[in-house]
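All values reported here derive from a predicted model rather than from experimental measurement. In this chain, residues are counted from 1 in sequence order.
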Amino acid sequence: QVQLVESGGGLVQPGGSLRLSCAASGFTFVNYGMSWYRQPPGKEREFVAGISGTGGSTSYADSVKGRFTISRDNARNTVYLQMNSLKPEDTAVYYCVRTGYWGQGTQVTVSS
């Protein structure tokens, strides 16, 4: 069955960096685009970034452009989200998503 397991969240100070990872299994990874979504406290889930199956195409929410980078390693069935220059408003649960499937989420807290 499809499994998406996120890791790498935590507490970081404003201006800091984190790298999230999502280990995928149960499907042919290269055949699927992957995305990261997030849900800030008390708010709706929102799109953060997406990447095509080959990794040749990416897209980002305006709020993270220039600060976040999505990438994937198809040999390791893993997608990453490098987050730099983090702001308190980036605090959220971050989810790895494949069409029809969501991971369990990983908490990112940006606070001094």
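Annotation: side chain to side chain donor-acceptor pair (under 3.5 Å) contacts involving residues 11-28, sequence neighbours excluded, comprise Ser17-Asn84. For residues 66-93, no residue pair satisfies the ring pair (Phe, Tyr, Trp, His ring centres under 6.0 Å) rule, not counting sequence neighbours. Listed by first and then second residue, the disulfide bond (SG atoms under 2.5 Å apart) pairs involving residues 16-104 are Cys22-Cys96 (not counting sequence neighbours). Within the structure, the disulfide bond (SG atoms under 2.5 Å apart) test picks out no pair touching residues 30-59 (sequence neighbours left out). Each salt bridge (Lys or Arg N to Asp or Glu O under 4.0 Å) pair with one or both residues in residues 29-39, not counting sequence neighbours, appears once here: Arg38-Glu46, Arg38-Asp90.
Here Leu86 contributes atom CG and Ser111 contributes atom OG; the two are 12.0 Å apart, rounded to the nearest 0.5 Å. Atom-to-atom distance recorded for Lys43:NZ and Thr91:OG1 is 10.5 Å, nearest 0.5 angstrom. Here the CD1-CH2 distance, from Ile51 to Trp36, works out to 11.5 Å after rounding to the nearest 0.5 Å. One finds the CD atom of Gln3 at 5.0 Å from the CD atom of Gln1 (value rounded to the nearest 0.5 Å).
Cluster annotation: Val64 and Val97 are assigned to distinct hydrophobic clusters (Ile/Leu/Val/Met/Phe/Trp/Tyr, side-chain heavy-atom contacts under 4.5 Å, transitive). Hydrophobic clustering (ILVMFWY, side-chain heavy atoms < 4.5 Å, transitive): Val48 and Val108 are in one cluster. The same ILVMFWY cluster, assembled from side-chain heavy atoms under 4.5 Å apart, contains both Val79 and Phe27. Cluster annotation: Phe29 and Ile70 are assigned to the same hydrophobic cluster (Ile/Leu/Val/Met/Phe/Trp/Tyr, side-chain heavy-atom contacts under 4.5 Å, transitive).
Annotation for Glu44: atom CD does not count as buried by contact number, only 12 or fewer foreign heavy atoms lying within 6.0 Å.
At least one side-chain heavy atom of Tyr60 sits under 4.5 Å from a side-chain heavy atom of Thr69.
Arg72 approaches Asn74 most closely through the heavy-atom pair NE-OD1, 2.7 Å. Nearest heavy-atom pair across Leu81 and Ala49 is CD1-CB, 4.2 Å.
By the side-chain contact (heavy atoms from CB on, under 4.5 Å) test, Tyr101 is found to be paired with Val2, Leu4, Arg98, residues two or more places apart in sequence or in another chain being considered.
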Working note: Leu18 + Val110, criterion side-chain contact (heavy atoms from CB on, under 4.5 Å); need CA distance, chi angles, decisive distance, verdict.
CA-CA 10 Å; Leu18 281 175; Val110 185; over 6 Å; no

Would you check, one step at a time, whether the test ring-ring contact (aromatic ring centres under 6.0 Å, His included) holds for Phe47 with Tyr37?
CA-CA 4 Å; Phe47 171 79; Tyr37 279 69; 5.6 Å; yes

Going through the distances and angles, do Val93 and Tyr95 end up as a side-chain contact (heavy atoms from CB on, under 4.5 Å)?
CA-CA 7 Å; Val93 178; Tyr95 297 91; 3.5 Å; yes

Is there a side-chain contact (heavy atoms from CB on, under 4.5 Å) between Tyr94 and Met83 once you walk through the steps?
CA-CA 11 Å; Tyr94 283 72; Met83 305 185 295; 3.9 Å; yes

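In this structure, Glu6 contributes its side chain and Gln104 its backbone to a donor-acceptor pair below 3.5 Å. Side-chain N or O atoms of Ser52 include one that pairs as donor or acceptor with a backbone N or O of Ser57 at under 3.5 Å.
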